[in-house]
*Asks:* 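Quick one: structure below, then a few questions.
Sequence lines set the chain letters: A, B, ... in the order given, protein chains first and strands last, and positions in each chain run from 1. Quick note: numbers below take in every heavy atom, side chains included, and nothing from hydrogens, waters or symmetry partners.
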There are 2 protein chains.
Amino acid sequence: MAVFTNLGKCDTCRSRSFIFDLISEQDRDLLNRSKQEVSFNAGEIIFKQGAMLTHIVCVTSGLAKIYFEGVDRKNLILRLVKPSELVGGPGMFVDQRHHYSLGAVEDTLVCFIELGLYRELVFRNKPLAHEVMARESQHRIELYEKLVNLTQKQMPGRVAEALLYLSKQVYNSSKFLCTISRQELADLTAMSKESAIRILKDFKENNLVSIEGNQVELLDVEGLMSVSARG
Amino acid sequence: MAVFTNLGKCDTCRSRSFIFDLISEQDRDLLNRSKQEVSFNAGEIIFKQGAMLTHIVCVTSGLAKIYFEGVDRKNLILRLVKPSELVGGPGMFVDQRHHYSLGAVEDTLVCFIELGLYRELVFRNKPLAHEVMARESQHRIELYEKLVNLTQKQMPGRVAEALLYLSKQVYNSSKFLCTISRQELADLTAMSKESAIRILKDFKENNLVSIEGNQVELLDVEGLMSVSARG
DNA sequence: GGTTGGCGTTGATATTTGTCAATCAAAATG
DNA sequence: CATTTTGATTGACAAATATCAACGCCAACC
């Protein structure tokens with residue numbers, strides 16, 4: 001179950017957000033005192049699509065997923081969130097609601113930061129505002145790429161893309177323990193779990209990857225990139 | 001061909017952007033003098049994915065489409081842009097490049113505004129910054145919805161959604177002259193032109209819509225919404 | 001007036017992808 | 001240790017969707 005504490009010190013936190021480097025010492029202190037740490041078990045929901053957006057979240061350890069609940073209880077994973085990443089959501093400037101859900105993929109520790117405080121910090125600090133804008137924009141660009149991938153590429157291309165994403169952006173190694181489930185891989189690539197499994201098997205038979213349970217190693221990154229590009 | 005002028009007065013422009021209501025008279029004058037009006041014929045490209053982003057665009061008359069060029073020359077239309085809408089693009093805060101293309105669907109008049117000027121205006125004007133953030137966020141929310149629609153709904157649901165979008169957001173009437181081509185409707189719903197046509201025919205046979213060439217009338221909005229919701 | 005080219009339409013067919021049911025293995029539970 | 005339960009896997013099949021080819025229509029052009 002979720003446990004609330006406020007023991008950690010942001011200043012010495014190994015996964016502190018970039019924003020701490022852009023604000024004054026007073027503001028750092030303010031954030032430090034007002035934040036709330038909460039720990040979630042794998043599978044638990046951190047915040048839910050439709051709920052009021054009163055706090056933004058900084059992931060401190062573990063791994064989380066940003067996802068939608070769409071038609072027929074099917075989920076679509078937008079992206080995975082690693083420690084030190086900040087998750088706000090576009091509802092922040094629109095209707096104070098979450099437009100996607102955030103869930104813990106692994107056991108995950110997060111810090112909640114009050115929305116009002118965050119907004120105040122951003123709007124009275126031009127470099128920070130620039131940085132926030134830049135990061136939001138970067139996400140938007142990635143969202144566009146995702147949209148094209150999911151709508152124009154066939155399944156093998158999408159899975160190849162996902163494996164490269166996991167390796168480069170999430171686990172930071174060509175060999176990794178894949179902590180997301182097959183179902184989550186399917187939710188990330190917008191296909192059925194069975195299809196995702198079949199394509200993994202196919203990649204394995206063609207020596208693009210090696211897979212033993214959840215141990216994954218990319219053997220032929222060039223090959224995967226080519227499959228991904230072909231569509 | 002494109003023709004450059006700077007004759008129009010922003011102050012009296014019937015399709016002037018919301019930003020004019022949020023800036024000082026001096027700034028309005030600055031914008032007015034530095035803008036460049038350009039007219040494009042239907043089918044022409046206003047700016048292209050990958051090109052340098054030096055100006056943002058305000059559509060003054062006509063109709064434009066924001067789209068990506070993806071795999072195999074297939075296009076994906078993100079949204080249609082009506083007069084008075086501003087089109088920037090996320091590259092503005094990242095790499096000064098366009099990450100999508102803007103094309104004229106109908107004969108279209110646009111004003112180019114220098115990026116540096118626009119950024120300066122936004123960053124030194126808090127209410128304007130708020131408004132810009134809110135609009136960007138709204139677009140992001142719509143993008144999420146689009147992503148779910150395109151990946152989780154089947155073709156009839158997507159076409160129903162598109163027809164409702166055209167009626168409510170673009171042509172503002174339940175009966176309209178559909179100035180986008182069948183191919184563009186397909187690009188908007190991520191399917192082949194033939195599939196889009198077949199579904200339109202099906203809707204027509206089921207009296208959901210009436211279609212005579214490019215004259216479209218939504219006969220059963222409830223029905224379309226239900227098809228769209230079912231997926 | 002013929003011709004060309006683009007767009008819309010249709011039918012036949014092939015491909016892609018999802019669903020369903022069964023099985024298996026590993027992990028959690030008592 | 002037996003028993004559930006959960007996630008992964010596989011095969012058979014059905015559904016969704018794309019592709020290809022052909023044709024009609026209309027406007028632009030020579």
*Asks:* So does A:M133 get a backbone contact from the side chain of A:S137, meaning a donor-acceptor N/O pair under 3.5 Å?
*Replies:*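 Judged by distance alone, yes, a pair lies under 3.5 Å.
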
*Asks:* Output side-chain donor-acceptor pairs under 3.5 Å for residues 220-231 of chain A, partner residues at least two apart or in another chain, one line each.
*Replies:*
| unit_1 | atom_1 | unit_2 | atom_2 | d |
| --- | --- | --- | --- | --- |
| A:D220 | OD1 | A:E222 | N | 3.4 |
| A:D220 | OD1 | A:G223 | N | 2.8 |
| A:S226 | OG | A:R230 | NH2 | 2.8 |
| A:S228 | OG | A:K153 | NZ | 3.3 |
| A:S228 | OG | A:E161 | OE1 | 2.5 |

*Asks:* What range of DNA chain C does chain B touch, first nucleotide to last, counting atoms under 4.0 Å from its heavy atoms?
*Replies:*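 From 5' to 3', the first and last contacting nucleotides are C:dG8 to C:dA12.
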
*Asks:* Could you state the atom-to-atom distance from CZ of B:R230 to P of D:dA16 in whole Å?
*Replies:*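 It works out to 12 Å between those atoms.
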
*Asks:* Between A:E85 and A:R135, does any NZ, NE, NH1 or NH2 come within less than 4.0 Å of an OD or OE carboxylate oxygen?
*Replies:*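 So A:R135 does not pair with A:E85 through a salt bridge.
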
*Asks:* List in chain and number order the residues that pass side-chain contact (heavy atoms from CB on, under 4.5 Å) with B:E136, two or more places apart in sequence or in another chain; answer none if no residue qualifies.
*Replies:*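 For B:E136, the residues satisfying side-chain contact (heavy atoms from CB on, under 4.5 Å) (neighbours in sequence not counted) are A:R140, B:V132.
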
*Asks:* Give me the bend of the helix from C:dG1-D:dC30 to C:dG30-D:dC1, using the axes of the five pairs at each end, rounded to 10°.
*Replies:*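 The angle separating the two end axes equals 30°.
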
*Asks:* Restricting to ring pair (Phe, Tyr, Trp, His ring centres under 6.0 Å), what partner residues turn up for B:Y165, sequence neighbours left out?
*Replies:*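 B:Y165 satisfies ring pair (Phe, Tyr, Trp, His ring centres under 6.0 Å) with no other residue.
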
*Asks:* How long is the line joining CG of B:N41 and C1' of D:dA28, in whole Å?
*Replies:*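 The answer, rounded to whole Å, is 15 Å.
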
*Asks:* Find the distance B:E194:CD to D:dA22:P and express it as a whole number of Å.
*Replies:*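 Spelled out: CD on B:E194 to P on D:dA22 is 14 Å.
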
*Asks:* Just to verify, what does B:Y67 make a ring pair (Phe, Tyr, Trp, His ring centres under 6.0 Å) with, not counting sequence neighbours?
*Replies:*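 Testing B:Y67 for ring pair (Phe, Tyr, Trp, His ring centres under 6.0 Å), a comparison that skips the adjacent residues, returns none.
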
*Asks:* Salt bridge between A:K65 and A:E184, side-chain N to carboxylate O under 4.0 Å?
*Replies:*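 A salt bridge links A:K65 with A:E184.
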
*Asks:* Run through A:L86, A:I56, A:V38, A:T60 and flag the one making a side chain to side chain contact (heavy atoms under 4.5 Å, CB included) with A:C111.
*Replies:*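 Among A:L86, A:I56, A:V38, A:T60, the one meeting side chain to side chain contact (heavy atoms under 4.5 Å, CB included) with A:C111 is A:T60.
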
*Asks:* Is the ring pair A:F68/A:Y100 parallel, tilted or perpendicular, if the boundaries are 30 and 60 degrees?
*Replies:*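 If you compare the ring of A:F68 with that of A:Y100, the planes turn out perpendicular.
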
*Asks:* Tell me the closest heavy-atom pair linking B:E37 and B:K35, and the distance in Å.
*Replies:*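 Heavy atoms of B:E37 and B:K35 come nearest at CG-CE, 4.0 Å.
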
*Asks:* Near DNA chain C, counting only heavy atoms under 4.0 Å, which residues of residues 198-217 of chain A show up?
*Replies:*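 Only A:R198 qualify.
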
*Asks:* Residues two or more places apart in sequence or in another chain: which of them pass ring pair (Phe, Tyr, Trp, His ring centres under 6.0 Å) with B:H55?
*Replies:*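 Expected list: none.
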
*Asks:* Partners of A:I197 by side-chain contact (heavy atoms from CB on, under 4.5 Å), sequence neighbours excluded?
*Replies:*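 Testing A:I197 for side-chain contact (heavy atoms from CB on, under 4.5 Å), a comparison that skips the adjacent residues, returns A:R182, A:K193.
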
*Asks:* Does anything in residues 146-157 of chain A reach DNA chain C, meaning a heavy atom under 4.0 Å, and if so which residues?
*Replies:*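 Contacts with DNA chain C under 4.0 Å: A:Q154, A:M155.
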
*Asks:* List, one per line, each side-chain donor-acceptor pair under 3.5 Å for residues 198-207 of chain A, sequence neighbours excluded.
*Replies:*
| unit_1 | atom_1 | unit_2 | atom_2 | d |
| --- | --- | --- | --- | --- |
| A:K204 | NZ | A:I211 | O | 3.1 |

*Asks:* Any side-chain heavy atom of B:S84 within less than 4.5 Å of one from B:S17?
*Replies:*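 When only atoms from C-beta onward are counted, B:S17 and B:S84 do not touch, as no gap falls below 4.5 Å.
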
*Asks:* Report the distance from atom CD1 of B:I197 to atom P of D:dT17, rounded to the nearest whole Å.
*Replies:*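 Going from B:I197 (CD1) to D:dT17 (P), I get 16 Å.
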
*Asks:* With the threshold set at under 4.0 Å for non-hydrogen atoms, list the residues of residues 179-189 of chain B touching DNA chain C in residue-number order.
*Replies:*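 Output list: B:S181, B:R182, B:Q183.
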
*Asks:* Give a yes or no on whether the backbone of B:N41 and the side-chain of B:E44 come within a donor-acceptor separation of less than 3.5 Å.
*Replies:*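 Yes.
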
